[in-house]
Amino acid sequence: MPSDGKDTNSKNQPTRKLTKDAKSLIIYFSRSGSTELLASKIAQETQADILEIVVKDPYSGNYQKTLSRANSERENQNYPELDMTVPDLKQYQTIYLGYPILAMTLSHPLTAFLKTYGARLSGKKIAPFMTEGGYGQGDSVQRIREILQEQGASVETITKALVVDGNKVDRADKRVDKWVKQVQ
Ligand SMILES: Cc1cc2nc3c(=O)[nH]c(=O)nc-3n(C[C@H](O)[C@H](O)[C@H](O)COP(=O)(O)O)c2cc1C
């Protein structure tokens with residue numbers, strides 16, 4: 001599995017663009033910036049608002065430490081505490097949900113977000129997108145569905161997911177364009 005090195009997105013200011021009129025919102029978590037780059041491409045195509053998920057205790061820049069933490073969070077179902085405020089989301093019809101695959105599954109900040117705010121996504125079109133290191137989407141979309149159901153959110157529409165290799169996001173424009181058109 002490729003290491004993504006020392007970098008960590010937690011040192012950047014969280015991205016947050018919430019307007020009065022947008023009908024779509026991109027909600028994403030990114031540890032080392034690849035999912036963030038993909039989210040910015042989707043934002044360019046859709047003019048959607050953007051809400052970055054921020055955790056209180058950021059993941060380490062070290063691959064092994066992050067892997068241990070992600071494994072332990074999964075095994076103990078002990079998901080990270082978030083450090084953000086979330087609006088009521090009523091104005092949005094489509095929610096693009098973005099995350100990296102960490103330890104074969106949905107990143108746990110996304111899990112925490114859905115477990116806390118999932119009910120606010122009820123009745124909306126959910127469009128999952130992710131970056132990964134070559135092992136694919138794992139059970140992540142299934143997890144999104146399960147958690148939303150647990151939260152009592154109605155989940156008729158989860159679109160086909162966009163899955164992009166984290167090292168190839170800069171070359172993914174055509175795929176992003178095609179996927180966004182399918183979602184809309
Ligand atoms: C701790 C850790 C675990 C990972 N586990 C997987 C995995 O199970 N499957 C996979 O395809 N990629 C895995 N990756 C690769 C990431 O999904 C990939 O680097 C992703 O683009 C990172 O996104 P980000 O830069 O937005 O944080 C892992 C990366 C890290 C750091």
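Note that the structure is a prediction, hence the values are computed from the model and not measured. All ligand and atom numbering here is 1-based and tracks the order in the structure.
Separating the CZ atom in R69 from the CG atom in L102 is a distance of 10.0 Å, to the nearest 0.5 Å. To the nearest 0.5 Å, the span separating CD on Q184 from CD on E45 amounts to 8.0 Å. The structure places OG1 of T111 at 4.0 Å from CG of L106, a figure rounded to the nearest 0.5 Å. One distance of note links OH of Y99 with CZ of R143; it measures 11.5 Å at 0.5 Å rounding.
Taking only nitrogen or oxygen atoms, main chain and side chain alike, P100 does not reach within less than 3.5 Å of ligand 1. On a distance-only criterion, Y63 and ligand 1 share no N/O pair closer than 3.5 Å. Considering backbone and side-chain N/O of G133, one or more are found under 3.5 Å from N/O of ligand 1.
The pair D173-K41 meets the salt-bridge criterion, since a charged nitrogen lies less than 4.0 angstrom from a carboxylate oxygen.
In the vicinity of L67, heavy-atom distances shorter than 4.0 Å reach the ligand 1 atoms 1 (C), 3 (C). Residue S34 has at least one heavy-atom neighbour below 4.0 Å for each of these atoms of ligand 1: 21 (O), 23 (O), 24 (P), 25 (O), 26 (O). Using a 4.0 Å cut-off to heavy atoms of T35, the atoms of ligand 1 that qualify are 23 (O), 24 (P), 26 (O). When each atom of ligand 1 is checked for a heavy atom of A103 under 4.0 Å away, the hits are 3 (C), 4 (C), 5 (N), 6 (C), 8 (O). With ligand atoms numbered from 1 in the order given, ligand 1 contributes 1 (C) to contacts under 4.0 Å with heavy atoms of T66. Below 4.0 Å from some heavy atom of S30 lie the following atoms of ligand 1, by number and element: 24 (P), 25 (O), 26 (O), 27 (O). Below 4.0 Å from some heavy atom of M104 lie the following atoms of ligand 1, by number and element: 7 (C), 8 (O), 9 (N). Within ligand 1, the atoms closer than 4.0 Å to a non-hydrogen atom of G33 are 24 (P), 25 (O), 26 (O), numbered from 1 in the order shown.
The two residues V163 and E132 make their nearest non-hydrogen contact at CG1-CG, 3.6 Å.
In this structure, A70 falls outside the shell of residues with a heavy atom less than 4.0 angstrom from ligand 1.
Under the ring pair (Phe, Tyr, Trp, His ring centres under 6.0 Å) criterion, F113 pairs with Y117, sequence neighbours left out.
With a 4.5 Å cut-off on side-chain heavy atoms, V183 and T46 do not count as touching.
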